[in-house]
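This report concerns only the one structure given below.
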Amino acid sequence: MKILEHNGGALTNCEVLDLLKSRGAGKDPTRVIASVSPSEFKVFDYLEQTPACNQTRDIIHKFVDECKKFDLAKAEILNVVNMRPSSAVEVYTIIEECDSRMEDKIDDFVEMILQVLPPHPSHAEPNEETGDGKEETLQ
Amino acid sequence: MFFLSEIEHTLRLPPHLLNRHLNEAIKGELDSLFLDKVIEKLGLCVNVYDIRSIDGGFIFPGDGASTYTVKFRLVMFRPFVGEVISARLKESTKDGLRLSLGFFDDIYVPVPLLASPNHSEPDPEHKNGIRWVWEYEGENYPIDGTDEIRFRVHNVSYPPVPLDQGKDLDEKELEQKDSKPFAPMVVTGSLDADGLGPISWWV
């Protein structure tokens, strides 16, 4: 066995979830007929609980575009897409040197995350009340 | 968390699969060979993404099976240092916490990397269990198994496979080795920053 390419590209949780769904993971309640193995089902179960279950390619593209003005590293954007932080505290852990790089733009950033990325359906978020038509059309 | 890696492998296709379509047979063999296995420095294989090329098909003398050189891509679970992941508590001992992602259980948070200052107390619910409690501004915040715990990846290591060791050990050492099965990939996490730890602490 030879490793040709160590890192062919990073995948967001959403993309892996789409991959598993395209092989039939979500549709089979008995979990026997689909051509997906039990270990892949465990990954599927885990990903369904993360915010990735609501995201689509368009949402992610839009989010990446919006992130350009904040000058973030690719790994940080990936982390934010996977975690969907909903407050400034959560953003501090993800982004290095947050205070010096973002200064007062943190609130704009958090606001943008809340608008573009849909929340996890089971989390009871107070933001959903202010929540706009935008979130509903995305779903 | 997930990366694509391209691998080339010489695959022997057993004769009982010859009546199947080649792509399916090779994919099935790759699944059984790589899924849920750890490849050193690449991580845990989660899924076969696609097959790039299939070469060969030679039958070596004395063998009934044909051998193919296959190039394919795998989706690997490989957390990078600094990534923030949310997981569930699996067990809590005097050495620290052990967290689980469902498909991957060997995530350890040793005591020095827990939120500090902290203290441990015997767990009222589990016998012999230890519960860790974070002290912050006079309040006590316990770490229990109710909600998801966010941790930052501190280190990912691939300990070498232990050699066969049945012969020289005496009973006591054998007991210790049996209690923890070998983990080919160990992720060390830390909870020592703002925003990490159980979600209920920050929301």
Side-chain angles (χ1 to χ4, degrees), chain A residues 1-17 19-20 22-23 25 35-52 73-76 78-96 98 120 122-126, chain B residues 1-11 24 27-28 31-37 39-42 44-50 52 69-78 80-88 100-104 148 150-152 193-197 199 201-203:
Chain A
M1 187 192 85
K2 200 164 66 167
I3 301 176
L4 293 176
E5 208 180 322
H6 190 255
N7 183 0
L11 296 174
T12 58
N13 286 0
C14 165
E15 288 170 334
V16 179
L17 196 59
L19 186 65
L20 290 173
S22 72
R23 311 245 317 252
S35 62
V36 179
S37 69
S39 56
E40 287 170 335
F41 270 119
K42 286 188 191 163
V43 180
F44 181 73
D45 287 336
Y46 172 73
L47 289 175
E48 282 280 307
Q49 292 171 10
T50 64
K74 206 166 162 198
E76 290 169 345
L78 188 67
N79 247 345
V80 172
V81 170
N82 284 345
M83 274 275 106
R84 210 243 173 202
S86 47
S87 62
V89 165
E90 299 175 45
V91 174
Y92 281 139
T93 41
I94 297 181
I95 304 193
E96 279 178 57
C98 211
H120 193 267
S122 67
H123 292 164
E125 299 218 31
Chain B
M1 221 191 300
F2 296 103
F3 289 89
L4 279 181
S5 291
E6 186 161 351
I7 311 267
E8 179 184 315
H9 184 59
T10 318
L11 190 68
E24 289 172 19
K27 183 142 196 303
D31 279 346
S32 65
L33 206 59
F34 287 101
L35 274 196
D36 210 23
K37 308 272 194 323
I39 302 180
E40 190 174 4
K41 308 245 176 28
L42 291 185
L44 176 72
C45 175
V46 164
N47 196 339
V48 176
Y49 190 67
D50 62 2
R52 306 282 253 171
T69 310
V70 190
K71 289 192 190 152
F72 52 97
R73 286 191 291 188
L74 296 174
V75 178
M76 311 298 291
F77 167 68
R78 182 172 73 235
F80 51 89
V81 174
E83 188 174 359
V84 175
I85 303 182
S86 61
R88 298 229 158 233
S100 151
L101 288 178
F103 57 95
F104 184 72
E148 291 189 7
R150 276 198 190 154
F151 69 97
R152 181 193 285 142
D194 289 339
L196 300 177
I199 299 190
W201 290 358
W202 305 101
V203 160

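Atom set for the values below is all heavy atoms of this structure, side chains included, hydrogens, waters and symmetry mates excluded. Within every chain, numbering begins at 1; the chains are lettered A, B, ... in the order of the sequence lines, protein sequences first and strands thereafter.
Using a 4.5 Å cut-off on side-chain heavy atoms (C-beta onward), S86(B) and Y46(A) make contact. Between E148(B) and R88(B) there is a side-chain heavy-atom pair separated by less than 4.5 Å. Contact of the L4(B) side chain with the L74(B) side chain is not registered, since no non-hydrogen atoms from C-beta on lie closer than 4.5 Å.
Considering only heavy-atom pairs separated by less than 4.5 Å from chain A, the leading option among L35(B), I85(B), T69(B), V70(B) is L35(B). When N7(A), D45(A), L19(A), V16(A) are compared by the number of non-hydrogen pairs under 4.5 Å with chain B, N7(A) comes out ahead. With chain B as partner, the option from V43(A), V91(A), I3(A) having the largest number of non-hydrogen pairs under 4.5 angstrom is V43(A). When each of I7(B), V84(B), D36(B) is scored by its heavy-atom pairs under 4.5 Å with chain A, the top score falls to V84(B).
Neither the backbone nor the side chain of F72(B) comes within less than 4.5 Å of any heavy atom of chain A. Interface residue F80(B): only side-chain heavy atoms are found under 4.5 Å from chain A. Neither the backbone nor the side chain of K37(B) comes within less than 4.5 Å of any heavy atom of chain A. Using a 4.5 Å cut-off between heavy atoms, K41(B) touches chain A through backbone and side chain atoms alike.
For residues 7-17 of chain A, no residue pair satisfies the salt bridge (charged side-chain N to carboxylate O under 4.0 Å, His left out) rule, not counting sequence neighbours.
R73(B) forms no cation-pi arrangement with Y49(B), by the criterion of a distance under 6.0 Å to the ring centre and an angle within 45° of the ring axis.
Using a cutoff of 4.0 Å between basic side-chain nitrogens and carboxylate oxygens, E83(B) and R152(B) are not scored as salt-bridged.
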